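In what follows, a single structure is set out as structure tokens and then discussed.
Since the model is a prediction, treat every value here as computed from it, not as a measurement. For the numbers below, each heavy atom of this structure counts, side chains included, while hydrogens, waters and symmetry mates do not.
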Amino acid sequence: MVDPNLSSQTRNDSPLREIYVSTDIETDGPVAGKHSMLSIGSAAYLADKELLGTFSANLETLPASVPDPKTAAWWATQPDAWSACRQNLEAPALALKRYVGWLKAFGGRPVFVGYPAAFDFSFVYWYLTEFAGENPFGYSAIDIKTYAMALLRKPYRACGKQSMPAEWFDPVPHTHVALDDAIEQGRLFCNMLKASSTPNYRS
């Protein structure tokens with residue numbers, strides 16, 4: 001939720017500024033609509049890494065969906081993360097409308113940030129369209145690995161996290177809990193933004 005300690009001026013001082021919404025989801029399969037989004041976590045950042053607020057929700061599964069067997073097998077190896085995403089479940093329609101309200105409360109223009117955006121954004125786009133009737137992101141989505149490709153000047157498949165400079169990472173956990181991972185990758189993205197603004201930056 002939006003931090004109540006932030007003034008309305010802090011949140012809404014420019015309708016044209018970009019709000020970088022780092023988002024991580026957990027699902028029971030690879031295909032939006034066929035499989036269910038189990039949880040969503042988002043952390044809204046300004047470019048200077050100021051965290052404006054966070055959002056999280058655990059969702060009820062789609063009535064007609066069937067979990068993907070390979071994904072179910074992976075979840076069996078992650079009991080803590082599975083337990084975390086199956087608590088306090090919300091109907092998708094309620095959660096996604098709440099999410100839209102959260103996004104709009106910041107003012108500015110939200111930009112989806114994901115890793116990989118091709119996966120996470122496909123679910124968020126489908127769920128927003130299906131259950132909220134609107135998508136505040138439009139088609140504005142940034143893939144962190146693609147951005148790393150541009151900064152590192154390497155082929156895409158050579159730009160995984162193991163190839164990124166250590167200074168891009170903050171000491172925050174990767175837990176497979178959606179909000180934790182959204183905060184982690186949001187800080188990574190903002191560190192990359194800072195690196196890209198350094199004169200004559202080269203990795």
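- At least one donor-acceptor pair under 3.5 Å links the side chain of Arg86 to the backbone N or O of Leu59.
- Hydrophobic clustering (side-chain heavy atoms under 4.5 Å, transitive across Ile, Leu, Val, Met, Phe, Trp, Tyr) keeps Leu179 apart from Leu89.
- No cation-pi contact links Lys49 to Tyr20, judged by a cut-off of 6.0 Å to the six-membered ring centre and 45° from its axis.
- Expressed to the nearest 0.5 Å, how far CZ of Phe169 lies from CZ of Arg187 amounts to 13.0 Å.
- Residue Leu128 holds its CG atom at 12.0 Å from NZ of Lys97, rounded to the nearest 0.5 Å.
- Contact of the Phe189 side chain with the Tyr115 side chain is not registered, since no non-hydrogen atoms from C-beta on lie closer than 4.5 Å.
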Less than 3.5 Å apart, which donor and acceptor atoms pair up between the side chains of residues 144-152 and the rest of the protein, not counting sequence neighbours?
unit_1, atom_1, unit_2, atom_2, d
Thr146, OG1, Asp143, OD2, 2.7
Tyr147, OH, Ser196, OG, 2.8

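- Taken to the nearest 0.5 Å, the OH atom of Tyr127 stands 15.0 Å off from the CG atom of Asn135.
- Shown here are the side-chain hydrogen bond (donor to acceptor under 3.5 Å, both in side chains) partners of Gln87, two or more places apart in sequence or in another chain: Ser83.
- Between Arg98 and Glu90 there is a side-chain heavy-atom pair separated by less than 4.5 Å.
- Between Phe55 and Trp102, the ring planes lie tilted relative to each other; the angle falls in the 30° to 60° range.
- Remark: side-chain polar atoms of Asp48 are paired, donor with acceptor, to backbone N or O of Glu50 under 3.5 angstrom.
- Here the closest heavy-atom approach between residue Pro79 and residue Ala76 is recorded as CD-O, 4.2 Å.
- By the 4.5 Å heavy-atom criterion applied to side chains, Val124 and Phe137 are counted as neighbours.
- Exactly one of Val177, Ile25, Asn58, Asp80 qualifies for a side-chain contact (heavy atoms from CB on, under 4.5 Å) with Cys85. That residue is Asn58.
- Taking Asp68 as the reference, Thr71 meet the side-chain hydrogen bond (donor to acceptor under 3.5 Å, both in side chains) condition, with sequence neighbours excluded.
- Interatomic distance, Ile142 CD1 to Glu18 CD, rounded to the nearest 0.5 Å: 6.5 Å.
- The main-chain N or O of Phe119 is found under 3.5 Å from a side-chain atom of Ser122 such that the two form a donor-acceptor pair.
- By the side chain to side chain contact (heavy atoms under 4.5 Å, CB included) test, Lys194 pairs with no residue at all, sequence neighbours left out.
- Pro110 approaches Ser140 most closely through the heavy-atom pair O-CB, 4.2 Å.
- In this view, Gln78 satisfies the side-chain hydrogen bond (donor to acceptor under 3.5 Å, both in side chains) rule with no residue, not counting sequence neighbours.
- Checked against the 6.0 Å centroid criterion, the rings of Tyr139 and Tyr125 qualify as a close aromatic pair.
- Considering only heavy atoms from C-beta on, Met192 comes within 4.5 Å of Leu188 through its side chain.
- Ion pairing between a basic and an acidic side chain is recognised when a charged N comes within 4.0 Å of a carboxylate O; Lys104 and Glu134 show such pairing.
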Side-chain atoms of residues 29-43: list all donor-acceptor pairs with protein atoms under 3.5 Å, sequence neighbours left out, distances to 0.1 Å.
unit_1, atom_1, unit_2, atom_2, d
His35, ND1, Val31, N, 3.1
Ser36, OG, Leu62, N, 2.8
Ser36, OG, Ser65, OG, 2.8
Ser42, OG, Thr23, OG1, 2.8
Ser42, OG, Tyr99, OH, 2.8

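- Arg17 places a side-chain heavy atom less than 4.5 Å from the side chain of Leu46.
- At least one donor-acceptor pair under 3.5 Å links the side chain of Asp181 to the backbone N or O of Thr175.
- Side-chain contact between Glu26 and Trp82: absent, with no pair of heavy atoms (C-beta onward) separated by less than 4.5 Å.
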Give the C-alpha distance, both sets of side-chain angles, the deciding distance and a yes or no for ring pair (Phe, Tyr, Trp, His ring centres under 6.0 Å) between Trp75 and His176.
CA-CA 10 Å; Trp75 274 117; His176 296 300; 7.8 Å; no
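- Inter-residue side-chain proximity for Asp24 and Asp120 is flagged as met; some heavy-atom pair is nearer than 4.5 Å.
- Counting heavy atoms from C-beta outward, Leu52 and Tyr45 have side chains that stay 4.5 Å or more apart.
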